[in-house]
Amino acid sequence: MTADPRLIVPLDLPTVDEARDMVERLGDTVSFYKIGLELLASDGMTLARELKASGKSIFLDWKLHDIGATVERSARVLAGSGCDLLTVHAEPQVMKAAVQARGDSSLKILAVTVLTSLTDADLIEMGYAFSARELVERRVRQAIDCGVDGIVSSPHEAALAREIAGPGFLIVTPGVRPFWSAKNDQARAATPEAAIRAGASHLVCGRPITAANDPREAALKVIEEIAGV
Ligand code: C5P
C-alpha cells in the first residue's frame, strides 16, 4: 500500500531538521505535509520548497489575516513557491485578495471558518451574534461567493459544509483520531473513516502518526482505514 493523497500529516515539530527526519521516517507512506506557524517562524518555507522538489504536496498553514492589499501581495509570493494549499481567515476581504493573488497558479486557497478552539461563549465575548455553527455556515457561503477552493473545518461541521458546497469543494478536517490512538487535546475528534464519510476531502492527522513508536505503521493503518471509503 502506498500514500493516500487525502491524508495530510502536519509537521508540528520544533525544528526543520526534526521535520526532515520525520519525513524520512515516513518515506513513501505520506505524500502530503502541512507546515504550520511554528516552522514557518523559522525556516519552514525552505523546507516547503525542498519537499515540493522531492515530489511531496505541501499545505502552508499561514492563516493569513490582514488588509486585502497585504494578503494579496503575500499570497502572490506564496503562489510562486509552487505549494498546493494556503490557509487564510474566512473574512470576505481577505478571501477575495487571496483568490486574486493565486490566479491560475497551482495554489489552492482554504478559508479557516471558525477556529475550533472557540466556543459559543468566546464568540459572544468577541462581539459576534452567532453560534459557532451558525458562523461556520455563514462563512462557508461567503467562502463560496469569494471563489475560494475550500475550507478547514472540524469533522463535525464537514457534513454541513459539504451539503452547502456540493462536490468538488475542498473540505480539510483536523481533529482526526483513529480509535486506537490518544485523543490528546482534540475534544471533538472523529475517526478517519467518519471524517471522510461526513464529506471531508482531506484529513489532517498528526500526533497519532508522528508520536507513534512506528510512524510508518501508524500512517499505513490510517490509509487502510480510509481505503475504499
Ligand atoms: O496532532 P494533531 O492531529 O492534533 O494535529 C492537528 C493539526 O491541525 C495541528 O497542526 C493543529 O494546529 C491543526 N489544527 C487543529 N484544529 C484546527 C485547525 C488546525 O488541530 N481547528
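Whatever order the structure lists ligands and atoms in, that order sets their numbers, starting from 1. Numbering starts at 1 and runs along the sequence shown.
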- [ ] Examine K63 against ligand 1 and note whether any of their N/O atoms are separated by less than 3.5 Å.
- [x] no
- [ ] Flag P10 as yes when one of its N or O atoms lies below 3.5 Å from any N or O atom of ligand 1, and as no otherwise.
- [x] no
Open item on the list: Strictly below 4.0 Å, N to O, side chains only: are D214 and R216 in salt-bridge contact?
Closed with: no
Open item on the list: Salt bridge check, E134 against R138: does any charged N sit closer than 4.0 Å to a carboxylate O?
Closed with: no
Task: Where ligand 1 meets V204 - atom numbers and elements under 4.0 angstrom, heavy-atom basis - done: 7 (C), 8 (O)
Open item on the list: With respect to K34, determine whether any N or O atom, backbone or side chain, lies less than 3.5 Å from an N or O atom of ligand 1.
Closed with: yes
- [ ] Among all protein heavy atoms, pick out the one at the shortest distance from atom 10 (O) of ligand 1; state its residue, atom name and that distance to 0.1 Å.
- [x] D12 OD2, 2.7 Å
TODO: Could you check atom 17 (C) of ligand 1 against the protein and tell me its nearest heavy-atom contact, residue, atom and distance included?
DONE: T116 OG1, 3.4 Å
Task: E193/R197 salt bridge by N-O under 4.0 Å criterion - done: yes
TODO: Would you mind finding which of P174, A182, S181 brings a heavy atom closest to atom 14 (N) of ligand 1?
DONE: P174
Task: Atom of C205, atom of L7 and distance for their closest heavy-atom approach - done: CB-CD1, 4.0 Å
TODO: Would you mind listing which atoms of ligand 1 come within a distance below 4.0 Å of any non-hydrogen atom of R207?
DONE: 1 (O), 2 (P), 3 (O), 4 (O)
- [ ] Just need the protein heavy atom nearest to atom 2 (P) of ligand 1, so name the residue and atom and give the distance.
- [x] R177 NH2, 3.4 Å
Open item on the list: Between R102 and D149, does any side-chain N to carboxylate O distance fall below 4.0 Å?
Closed with: yes
Open item on the list: With a 4.0 Å cut-off on N to O distance, would you call E50 and R20 a salt bridge?
Closed with: yes
Task: Nearest-neighbour protein heavy atom for atom 6 (C) of ligand 1, which is reported as residue plus atom name and distance - done: Q186 NE2, 3.8 Å
Open item on the list: The test is salt bridge (charged side-chain N to carboxylate O under 4.0 Å, His left out); show your working for D12 and R207 and say whether it passes.
Closed with: CA-CA 9 Å; D12 293 326; R207 286 163 290 179; over 6 Å; no
